[in-house]
Amino acid sequence: MERVNFQEIEKKWQLKFSSQKLYNSKGKKFYCLEMFPYPSGKIHMGHVRNYTIGDVVARYKFMKGFNVLHPMGWDAFGLPAENASKQNNLHPKKWTNQNIVTMKTQLKMLGLSIDWDLEISTCDKDYYKHQQEIFIDFFNEGLVSRKETYVNWDPIEKTVLANEQVIDGKGWRSNAVVERKKLSQWFFNITKFSNQLLNDLDNLDGWPEKVKLMQKNWIGKSYGSEINFKIEKNKDEVKIFTTRPDTIFGASFLALSIDHPLSKNFKDKKDFQKFQEECNKTGTTEEALANAEKIGFDTGLFALHPLIKNKKIPIFFANFVLMDYGSGAIFGCPAHDQRDFDFAKKYKLEIIRVVSDGDTQKDLTEAYTGAGKMINSDFLNGLDVDQAKKKIIQEIENRKLGKRQTLFRLKDWGISRQRYWGCPIPMIYLEDGSVVPVDKSELPVELPDDIDLNSKGNPLESHPKWKFTKHKSSGKKAIRETDTLDTFVDSSWYFLRFCSPEHKSSPFDIKKVDYWMPVDQYIGGIEHAILHLLYSRFFSKGLAKCKKNFSLSEPFKNLFTQGMVCHESYKDIKGNWLYPDEVEKLDPKTVVKRDDKSKVKVGPPESMSKSKKNTIDPEKMIKEYGADAVRWFILSDSPPEKDVQWSDTGVASANKFLQKIWNLNILISNRKENRVTKNVEEKFVANINTYVDKVDKSIENFRFNVSIANFYEIYNFIKDYLSSEISNKVLSENIIKIMKLMIPFAPHLSNECLELFKCKNVNKWPEIDKNKIIDEINFAVQINGKTRDIIKIQRGLGEKEIKDIIRKNSKAKKFLENNDIFKTIFVQNKIINFIIRNK
RNA sequence: GCCCUCGUGGUGAAAUUGGUAGACACAAAGGACUUAAAAUCCUUGCCCUUUUGGGAGUGCCAGUUCGAGUCUGGCCGAGGGCACCA
């Protein structure tokens, strides 16, 4: 049999794909978008998976008659470019552009149906110019503000570190202990939309429930109360926020953030400074704070309990209270909150139970956070927690001790980055201290190329020619903002730019956006479930506020989050990571190093990453097995939302199967006519129609692994018909249907096969007669819930007819004889269950 | 630590609203073809039984139901996110 030269046919069809687009001007619009890649060097298997899934959707929708927008671009600003340029002494722009060229070539090798005329790159000044415009619009609309916040500071490199650059509390290059440093930075006021971002989740029917839940928890709306505590021998008051006002009678201390206004009174005290230094050793991430030991500083002050006469409780500063949540102060109720419990144990504070867990005699070993009746709580006694919450809030409001309050966990979005390779923030500082936007006519504020990457900190700081400027309208001297924007800003509106990438006068052509948006299917990694998606949602809402004719409130109608591509990892005797290429599998349990045959330790499959060297190069795989085989395998092995394990034998078998498909097509095209029996042909067509229906459904449901299993079944099915009494006409008509179904999965081979049969209307999805599908089904016969027989019946048979069949001829017959049928459960087209007992 | 998700053969997995558990494939073992190998094809795949047949079985423990991989509660294990990686 003729071998397929996959490389040759792929080259041929890729040339055609490059000019063929997915537009059907008469069809309904369909915007298919995959998260655009960061140009890090070469594409990785995660990209292959993401873009193959997207390509299946785009090609499928196109074949179904939709007018499909399927663009691609580059999330081109970011930290790795700066790191790489320091290592290789290569300018970030050059490094990035080289990577884009490489990756674009590689993506084309996959045979993706992308309209490359729409390509955009976020580091392109034609792109970020518009981003600066949007920033200024947001600024004018009151959606931008300046606040102080903490950053990771490397005291040796004199630079701000990203969280990933902090390893065990130390700088990744300098190894210096990282300090927390306060900086004044720019913020998008995303919290202005907290309620809207939360409530609109309910309208996103096309989003996975888990992503919506994660966003909901991230926004974190909680109901509680503000309570004022008077300080003894002092005129000050401390305002606290709590979600558990019901536990107020169990309060045994107040804890304040070290940034609480009250800290000013202590700033000159040496032991407080020491405490502050101690706190600044913990990182800036929530995880670090949560895991850090709870420490406090006793102010020596006491607060007066608002509801218990003459009760005084101590006031502490504590590292686990955050200034940006609530009022930066809490009351501690150790009996019913684990953090408070740990704190109370450490500082020997009172532990008063106010919610009964049933046994109130024995000492608590941990906080009790469950439900129960109130005790030791004066007028709340006997109520359950929810009732007590309502009553106490009412009481607090009546006595003017505080008020009911709703709070969000969501924080404003800090967008300042002390880095070079990002979009410049279009703001200037005037001599008189005022801060104003750059005049729009001067945009873009272009990133200068001539920078010294080896300078300490942000290179823009040490670029006087760029940094010193003038305010256009007043002519006053000014200094540019040297911070650049968080790269999440770049990706918060790129999907809008894709609708009209050439548009010059504004970020997008509103008519085009009106037509194409929202994105009908957005596809990307689950790791973006919160930040990127939330920020993009915020952008839509922000733009709607700035632009009168912009009405889009949610950018992504349907969302699909795919799983990761995994591979086992290998370590040699010395503990060095090895690439899969460097090892050899002698048998499933023995793996050795290829060169010296020394033992290799095999790690569990985990997400492919450069640091663990458990990566497989897609380009190498494409060259060895063909793009269709790589696409085929990446879709076949796991459902797309789950992780998939890369397997070389898997891709090899995909390649073999595609070869068999080609052979089958050749056999059919060369087949000698046989005798024809009408029944045989009808049964054949009915089966094919059933398969077409199945594949269609599995694509609609994103069950691409099931689609592929169907193709294996179809192959086994058709192969058996080659020698049966069926005409060549019927065979070729039906193999054409199947090859069309395969286009989204293996576009090169299926087009080649369709060409073999001189097929016209290649890109039209096969239509089937729904009346001509298999209507025989397997029906389970159960006795007392146990399956005793499976009978083949016509779809739609009633209970009586089925009982007759069973009585006449069934393995279950013997169970029914000599027994009373006590009850019968009948489910049409599924099962019948006889509940019997002995006579 | 907090939030979310997922646990089905040796492996990846399949299984409308609860209704045939293991489709389809990978790997393995045995066989056919071949001088041989490759390629290809066939068979097998938990326990008892020669077969017929019967039993156990979807991470673990309970529960609801005629019937649970699917629903509920608890436990154990793995993965993702935690605001400056993208």
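Chain identifiers are assigned alphabetically (A, B, ...) following the order of the sequence lines, protein sequences preceding nucleic acid strands; residue numbering begins at 1 within each chain.
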Nearest-angstrom distance, P atom, B:rG30 to B:rG80: 40 Å
Nearest to the side chain of A:N152, which nucleotide is it out of B:rA83, B:rG81, B:rC84? B:rC84
Please determine whether a side-chain nitrogen or oxygen atom of A:N716 lies at a distance below 4.0 Å from atom OP1 or OP2 of B:rA25. yes
Just call it for A:N705: base, sugar-phosphate, or nothing, with non-hydrogen atoms closer than 4.0 Å on any strand. sugar-phosphate
Rounding to the closest angstrom, what is the interatomic distance between B:rA21 and B:rC26 at atom P? 26 Å
Among the nucleotides B:rA25, B:rG81, B:rA14, whichever has the atom closest to the side chain of A:Y712 is B:rA25
Side chain of A:D643 only, please: which of B:rG12, B:rC66, B:rG79 is the nearest? B:rG79
Pair A:W493 and A:Y127, ring centroids less than 6.0 Å apart: yes
From B:rA83, B:rA13, B:rA86, nucleotide with atom closest to A:P80 side chain: B:rA86
Classify the nucleic acid contact of A:S416 as base, sugar-phosphate or nothing, counting any heavy atom under 4.0 Å across all strands shown. base
In whole Å, measure the gap between the P atoms of B:rC71 and B:rG7 for me. 10 Å
Any-strand Watson-Crick or G-U partner of B:rC6, both distances under 3.5 Å: B:rG77
What donor-acceptor contacts under 3.5 angstrom involve side-chain atoms of residues 634-643 of chain A, with partners at least two apart or in another chain?
residue : atom : partner : partner atom : Å
A:S636  : OG   : A:W632  : O            : 3.4
A:S636  : OG   : A:F633  : O            : 3.0
A:S638  : OG   : A:D643  : O            : 3.3
A:D643  : OD1  : A:M564  : N            : 2.9

Determine the Euclidean distance between corresponding P atoms of B:rA13 and B:rC3; express it in Å to zero decimal places. 27 Å
Using a 4.0 Å heavy-atom cut-off across all strands, classify A:N217 as base, sugar-phosphate, or nothing. sugar-phosphate
Hey, is the side chain of A:R788 poking within less than 4.0 Å of OP1 or OP2 on B:rG53, counting only N and O atoms? no
What distance do A:W207 atom CH2 and A:M214 atom CE have between them, rounded to the nearest 0.5 Å? 11.5 Å
Phosphate OP1/OP2 of B:rA15: any A:R703 side-chain N/O under 4.0 Å: yes
Tell me what A:V827 touches on the nucleic acid: a base, only sugar-phosphate, or nothing, going by heavy atoms under 4.0 Å. base
Looking at B:rC84, does its base get a donor-acceptor pair with the side chain of A:E164 below 3.5 Å? no
Tell me which nucleotide among B:rA83, B:rG80, B:rU20 gets nearest to the side chain of A:Q782. B:rU20
Counting side-chain heavy atoms from C-beta on, which of B:rC24, B:rU20, B:rG81 comes nearest to A:A709? B:rC24
Applying a 3.5 Å limit to both distances, which nucleotide forms a Watson-Crick or G-U wobble pair with B:rG12? B:rC24
Quick one: label A:E527 by what it contacts on the DNA or RNA (base, sugar-phosphate, nothing), any heavy atom closer than 4.0 Å. base
If pairing requires Watson-Crick or G-U wobble contacts with both distances under 3.5 Å, which nucleotide is the partner of B:rG1? B:rC82
Measure from the ring center of A:Y535 to the ring center of A:F539 and say whether it is less than 6.0 Å. no
If we take the P atom in both B:rG63 and B:rG54, what is their distance in whole Å? 28 Å
Where the side chain of A:N829 meets the backbone of A:R795, is there a donor-acceptor pair that is under 3.5 Å apart? no
Determine the contact category for A:D75: base if any of its heavy atoms lies under 4.0 Å from a base atom, sugar-phosphate if only primed atoms, P, OP1 or OP2 are that close, otherwise nothing. sugar-phosphate
Taking only the side-chain heavy atoms of A:I825 (C-beta and beyond), determine which of B:rA25, B:rG19, B:rA86 contains the nearest atom. B:rG19
For A:A780, report the nucleic acid contact type (base, sugar-phosphate, nothing); a contact means any heavy atom under 4.0 Å. sugar-phosphate
Does the base of B:rU20 carry an N or O that pairs as donor and acceptor with the side chain of A:K786 under 3.5 Å? no
Taken in chain and number order and not counting sequence neighbours, the residues that satisfy side chain to side chain donor-acceptor pair (under 3.5 Å) with A:K346 are A:E293
Side-chain N or O of A:K212 versus OP1/OP2 of B:rU5: is the shortest distance under 4.0 Å? no
Under a 3.5 Å distance rule, please check whether A:R537 uses its side chain to pair with a backbone N or O of A:L197 as donor and acceptor. yes
Let me know the distance between CG of A:N778 and C1' of B:rU16, rounded to the nearest Å. 16 Å
Nucleotide B:rU11, atom P - distance to NZ of A:K642 in whole Å: 13 Å
For A:K216, report the nucleic acid contact type (base, sugar-phosphate, nothing); a contact means any heavy atom under 4.0 Å. nothing
Please determine whether salt bridge (Lys or Arg N to Asp or Glu O under 4.0 Å) holds for the pair A:D259 and A:K182, giving the CA-CA distance in whole Å, both sets of side-chain angles, and the decisive distance to 0.1 Å. CA-CA 11 Å; A:D259 299 309; A:K182 248 189 211 171; 3.2 Å; yes
What is the nucleic acid contact for A:K697, judged by heavy atoms within less than 4.0 Å: base, sugar-phosphate only, or nothing? nothing
Compare side-chain N and O positions of A:S638 against OP1 and OP2 of B:rA13 and report whether any pair is under 4.0 Å apart. yes
Are A:R146 and A:W186 in a cation-pi contact, defined as NZ or CZ under 6.0 Å from the six-membered ring centre and within 45° of the axis? yes
Select base, sugar-phosphate, or nothing to describe what A:L213 touches, counting heavy atoms under 4.0 Å on all strands. sugar-phosphate
Would you mind telling me which residue lines up with the more 5' stretch of RNA chain B, A:I831 or A:I835, judged by nearest nucleotide? A:I831
Please tell me which of the listed nucleotides, B:rA14, B:rA86, B:rG79, lies nearest to the side chain of A:M564? B:rG79
Quantified in whole Å, what is the P atom distance between nucleotide B:rA23 and nucleotide B:rU8? 16 Å
Please work out if A:V160 contacts a base, only the sugar-phosphate, or nothing of the nucleic acid, heavy-atom cut-off 4.0 Å. base
Is there a Watson-Crick or G-U wobble partner for B:rG19 with both distances under 3.5 Å, and if so, which one is it? B:rC66
Between A:F704 and A:F702, is the ring centre distance below 6.0 Å? yes
Just how far, in rounded Å, is P of B:rC82 from CG of A:D324? 17 Å
Nucleotide of B:rG19, B:rA83, B:rG1 approaching A:N291 most closely (side-chain heavy atoms): B:rG1
Are OP1 or OP2 of B:rA21 and a side-chain N or O of A:T787 less than 4.0 angstrom apart? yes
Polar side-chain contact A:N163-B:rC84 base: donor and acceptor under 3.5 Å: no
Please confirm whether any donor atom in the side chain of A:Q338 sits under 3.5 Å from an acceptor in the base of B:rC2, or the reverse. no
Whole-Å P distance, B:rA38 and B:rG31: 14 Å
Under the rule syn = chi within 90° of 0, otherwise anti, which is B:rG59? anti
If you look at every strand shown and take non-hydrogen atoms under 4.0 Å, does A:I790 touch a base, only sugar-phosphate, or nothing? base
Name the nucleic acid region contacted by A:W413, choosing base, sugar-phosphate or nothing; use a 4.0 angstrom heavy-atom cut-off, strictly under. nothing
In terms of side-chain heavy atoms of A:L531, which of B:rA83, B:rC85, B:rC84 is nearest? B:rA83
For B:rA28 and B:rC76, measure between their C1' atoms and round to the nearest Å. 31 Å
Looking for any heavy atom pair under 4.0 Å, which part of the strands does A:Q185 touch: base, sugar-phosphate only, or nothing? base
